[in-house]
Amino acid sequence: MTSLYERIGGDAAVDAAVDIFYRKVLMDDRINEFFDGVDMEQQINKQKGFLTMVFGGPNNYTGKDMREGHKHLVARGLNDSHVDAVVELLGATLQELGVAAEDIQEVANLANSVRGDVLNK
Amino acid sequence: MTHIIFDEQRIELEEGQTVLSALLERDHDIANSCRVGVCQSCLLQAVDGEVPESAQVGLKDTLKVQGYFLACSCKPETPLHVVKANDTDLYHSATVIEHELLGSDILRLRLKPEHMFEYRAGQFVTLWKTQSLGRSYSLASVAELDDSLELHIRRIPGGQLSNWLHDEVKVGNSLQLQSATGNCFYIPGSAEQKILLAGTGTGLAPLIGIARDALRQRHSGEIHLIHGTVQKEDLYLHQTLLDMAKQNEQFHYYANVLRLNEQQVPDNANSIIRSLPLEQQVTEIAVQPAEWKAYLCGDESIVNSLKKKLFISGFNMKNIYTDPFVISTDV
């Protein structure tokens with residue numbers, strides 16, 4: 001059986017998804033304030049890392065990385081509602097790219113599995 | 001088995017070992033994060049040798065051609081001389097051969113380096129007044145077309161370098177400069193792609209270099225250059241750009257002046273000088289933004305905000321090249 005990452009389309013899918021996803025993030029007033037003033041090139045590379053991870057692709061991110069990387073945002077008020085918004089935009093991105101509903105659900109599950117670490121709970 | 005040269009040391013690589021792992025094993029402090037070629041934290045530069053293609057996946061093309069690669073994905077097959085990114089600085093002496101005021105506060109300096117060095121139009125050099133006081137200025141010249149270096153230097157109130165260059169440096173003086181760097185330049189290969197060049201103030205310097213370089217390399221797609229300024233008097237290369245547009249059918253020039261006096265020119269869609277904000281000017285020109293390549297130079301906050309707007313409007317991030325000018329706070 002092929003993996004989720006292969007079914008979605010691997011590297012190429014990450015590349016196709018990242019611009020669409022990041023554009024949605026920047027346009028979404030629920031969460032875009034967290035991205036004000038960040039270096040967009042660096043951010044897009046981080047988004048690629050994130051997408052690779054939630055697509056079930058190869059990555060070496062640990063729970064500790066997730067906590068450290070978002071601590072400053074938690075201090076600025078990052079909470080469950082913002083993670084919900086990200087998961088929603090992720091789903092919309094994949095839908096646009098024609099990914100099957102079951103696979104989108106699996107991606108959402110993977111994204112939700114790091115929620116606790118991201119929110120430093 | 002092969003080896004790399006780093007920090008003047010020869011480091012043997014084991015079969016299939018990555019450059020990152022070899023360097024970390026020897027306690028070199030190399031930034032890294034994902035280690036699978038995604039996050040680009042471990043960017044290094046090869047100054048000699050062949051970089052495997054797989055070590056450059058996902059990098060901007062302007063980085064690729066300069067030998068940048070990801071250490072975590074790099075398993076070289078032949079010896080590679082590696083340096084930390086932006087660690088290839090060389091110093092040059094250059095003589096001032098022209099010192100001319102353009103408009104009220106922009107100085108055009110032409111410099112003749114003792115030895116000509118490689119650069120790409122649109123990159124910048126750092127000029128040093130003393131060993132610890134230097135500032136970066138973009139090159140407006142094109143190495144293959146011009147036999148001197150051209151810089152445009154705006155006088156910054158209280159600026160240590162700009163005032164010195166304006167008031168004290170004269171034709172015949174020798175200046176110290178550091179070799180060119182920067183990722184905002186033309187790359188041949190997509191000759192038909194439409195190019196947007198947008199800049200404010202002396203952000204025009206790299207843009208005019210990029211435009212001339214693209215034309216030199218027979219770029220066939222449209223090239224649209226927007227110069228944004230505060231006042232009409234700041235359009236310091238207006239005539240040159242009008243001439244370029246006259247001589248090259250594919251080159252288009254727009255001047256966007258923030259404070260336009262109504263008597264100065266009619267502000268309508270047909271006039272070259274308008275008071276339209278930059279992003280609106282871009283939207284009018286780039287109707288299908290995904291097909292465009294954009295170069296943005298000049299004021300840091302304007303460049304960064306324009307980059308964001310262009311990306312949201314549909315430009316691909318990999319097709320946006322920027323050079324935000326940072327004014328030193330230590331004026």
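Residue numbers start from 1 in every chain, and the chains themselves are labelled A, B, ... in the order their sequence lines are given, proteins ahead of strands. Quantities reported herein were computed from a predicted structural model and do not represent experimental measurements.
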Are side-chain N/O atoms of B:H227 and B:Y254 paired as donor and acceptor at under 3.5 Å?
-> no

Output the option from A:I44, A:I20, A:D39, A:V18 having the highest count of non-hydrogen pairs under 4.5 Å with chain B.
-> A:I44

Could you give me the CA-CA distance, side-chain angles and deciding distance for A:E41 and B:K60, then say whether salt bridge (Lys or Arg N to Asp or Glu O under 4.0 Å) is met?
-> CA-CA 10 Å; A:E41 305 280 340; B:K60 261 203 151 84; 3.0 Å; yes

Using non-hydrogen atoms and a 4.5 Å limit, figure out which bit of A:K46 sits close to chain B: side chain, backbone, both or neither.
-> neither

Mind checking whether B:Y295 and B:Y186 have ring centres under 6.0 Å apart?
-> no

Do the side-chain N and O atoms of B:D61 and B:Y321 include a donor-acceptor pair separated by under 3.5 angstrom?
-> yes

Checking heavy atoms, do the side chain of B:K308, its backbone, both or neither come under 4.5 Å from chain A?
-> both

